[in-house]
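First comes the structure, then the notes that go with it.
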Amino acid sequence: MEEKLRQVPSSCIRVCLFGPESSGKSTLSRKLSEHYNAPLVEEFAREYLQELWDKEQKICRPKDLLPIAAGQMDLENKAAASTDRLIICDTDLLTTKVYSEAYYDGWCPELLEKVALENQYDLYLLTYIDTPWEEDDLRDRPDRRLEMFKAFESALIKYNRPYILMKGGVQERVTKATQVINTLLV
């Protein structure tokens with residue numbers, strides 16, 4: 001299982017969207033992917049957990065974390081193998097770690113934590129909670145958005161990850177992100 005959770009070596013630049021639910025990650029990741037004509041690594045957990053909800057009316061369980069992580073890395077590794085320039089990741093394993101700790105009283109599977117800390121990204125785009133909350137089958141805790149945002153920001157600081165804060169409307173975020181990403185592509 002450990003190999004399924006590791007990044008395949010690649011010369012491409014990896015940009016990861018990072019932040020709590022309903023904070024504009026998917027919208028921004030799609031816009032950046034289109035702008036750069038770069039592969040988009042979508043969030044595997046959304047499809048996995050929606051299927052779990054549709055079939056069994058169950059939410060994420062601890063036993064789902066490693067399969068979600070393996071599915072995410074499969075998508076990312078395929079994207080990285082398709083280019084040597086840039087990939088845009090709607091999420092990463094550090095996100096899964098943050099959620100695991102938030103939902104399971106500080107617990108995270110040891111293997112997930114190990115690999116989440118080993119995998120590397122050139123830039124994290126930390127999305128702030130100044131976007132409207134959008135309800136769906138999977139999202140919860142709209143009243144705890146600030147708490148979750150702080151957990152995400154704390155993880156980036158604790159693990160010394162390079163990041164910039166994304167605030168404002170979609171176009172403002174795209175403009176700020178492209179300015180920084182352009183410096184990485186030089």
Side-chain angles (χ1 to χ4, degrees), residues 7 10 12-46 68-69 72-73 75-76 79-80 83 85-103 106 108 112-113 115-136 138-186:
Q7 287 175 328
S10 169
C12 71
I13 292 169
R14 296 174 196 248
V15 174
C16 180
L17 283 285
F18 197 73
E21 295 176 312
S22 198
S23 62
K25 292 183 304 294
S26 295
T27 299
L28 182 55
S29 65
R30 282 191 299 272
K31 295 277 187 189
L32 292 172
S33 173
E34 290 168 11
H35 177 82
Y36 289 105
N37 193 27
L40 171 61
V41 182
E42 295 193 30
E43 184 181 8
F44 180 82
R46 294 284 304 165
I68 286 170
Q72 188 64 44
M73 287 314 302
L75 293 175
E76 182 179 320
T83 185
R85 186 168 178 253
L86 170 70
I87 62 171
I88 306 295
C89 302
D90 192 352
T91 191
D92 73 337
L93 300 192
L94 187 56
T95 297
T96 308
K97 175 183 169 3
V98 169
Y99 275 117
S100 177
E101 292 170 347
Y103 280 78
C108 178
L112 173 59
E113 179 171 13
V115 181
L117 299 180
E118 291 173 353
N119 291 349
Q120 295 294 311
Y121 297 82
D122 298 279
L123 177 66
Y124 282 86
L125 302 176
L126 175 61
T127 52
Y128 192 63
I129 55 172
D130 55 352
T131 56
W133 177 264
E134 292 186 26
E135 190 72 34
D136 69 16
L138 304 176
R139 291 181 175 148
D140 63 356
R141 300 184 178 190
D143 55 330
R144 296 175 71 184
R145 291 176 86 190
L146 184 58
E147 175 187 340
M148 289 304 296
F149 173 80
K150 288 179 179 179
F152 279 93
E153 185 173 41
S154 293
L156 292 173
I157 293 167
K158 179 178 182 179
Y159 301 115
N160 199 29
R161 302 298 190 205
Y163 78 96
I164 59 171
L165 179 61
M166 298 279 97
K167 282 186 169 183
V170 174
Q171 192 52 52
E172 184 179 349
R173 290 176 179 209
V174 169
T175 299
K176 184 174 183 179
T178 56
Q179 289 171 345
V180 177
I181 293 168
N182 287 344
T183 65
L184 297 174
L185 291 171
V186 173

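Not counting sequence neighbours, the partners of Glu147 by the side chain to side chain donor-acceptor pair (under 3.5 Å) test are Arg144. Every residue meeting the salt bridge (charged side-chain N to carboxylate O under 4.0 Å, His left out) condition with Arg14, not counting sequence neighbours, appears here in chain and number order: Glu76.
Rounded to the nearest 0.5 angstrom, Thr178 OG1 and Tyr36 OH are separated by 4.5 Å. The CD1 atom of Ile157 sits 12.5 Å away from atom OH of Tyr159, with the distance rounded to the nearest 0.5 Å. Of the inter-residue distances, the one linking Ser23 atom OG with Leu28 atom CG reads 9.5 Å to the nearest 0.5 angstrom. Taking OG of Ser29 as the reference point, atom CD1 of Ile87 lies at 12.0 Å (rounded to 0.5 Å). Atom OG1 of Thr131 sits about 12.5 Å away from atom NZ of Lys167, to the nearest 0.5 Å. Remark: Ile13 CD1 to Leu185 CG distance equals 4.5 Å, nearest 0.5 Å.
In this structure, Arg30 does not pair ionically with Glu34, as no charged nitrogen and carboxylate oxygen lie closer than 4.0 Å.
With hydrogens and angles disregarded, no donor-acceptor distance shorter than 3.5 Å links the side chain of Thr175 to the backbone of Glu172.
When side chains are defined from C-beta on, Glu21 does not count as touching Ile129, because their heavy atoms never get closer than 4.5 Å. Put simply, the side chain of Asn119 does not reach to within 4.5 Å of the side chain of Asp92, judged on heavy atoms. In this structure, Thr91 and Leu17 have side chains that are not in contact, with every pair of non-hydrogen atoms separated by 4.5 Å or more.
Between Tyr128 and Phe152, a ring centre-to-centre spacing not shorter than 6.0 Å is recorded.
At most 12 heavy atoms of other shown residues, nucleotides or ligands fall within 6.0 angstrom of atom NZ in Lys31. When the shell of 6.0 Å around CD of Glu153 is examined, it contains more than 12 heavy atoms from other residues, nucleotides or ligands. Other residues, nucleotides and ligands contribute more than 12 heavy atoms inside 6.0 Å of the CG atom of Asp143.
Between Ser33 and Leu40, the closest heavy-atom pair is OG-CB, 3.5 Å. Closest approach of Gln72 and Leu93 over heavy atoms only: CB-CD2, 4.2 Å. The nearest pair of heavy atoms linking Cys108 to Lys97 is SG-CG, 3.8 Å. Smallest separation of non-hydrogen atoms from Arg145 and Ser22: NH2-O, 2.6 Å. Across all non-hydrogen atoms, the minimal contact from Ile88 to Ala38 is CG1-CB, 4.4 Å. Of all non-hydrogen atoms in Phe18 and Ala155, the two that sit nearest each other are CZ-CB, 4.4 Å.
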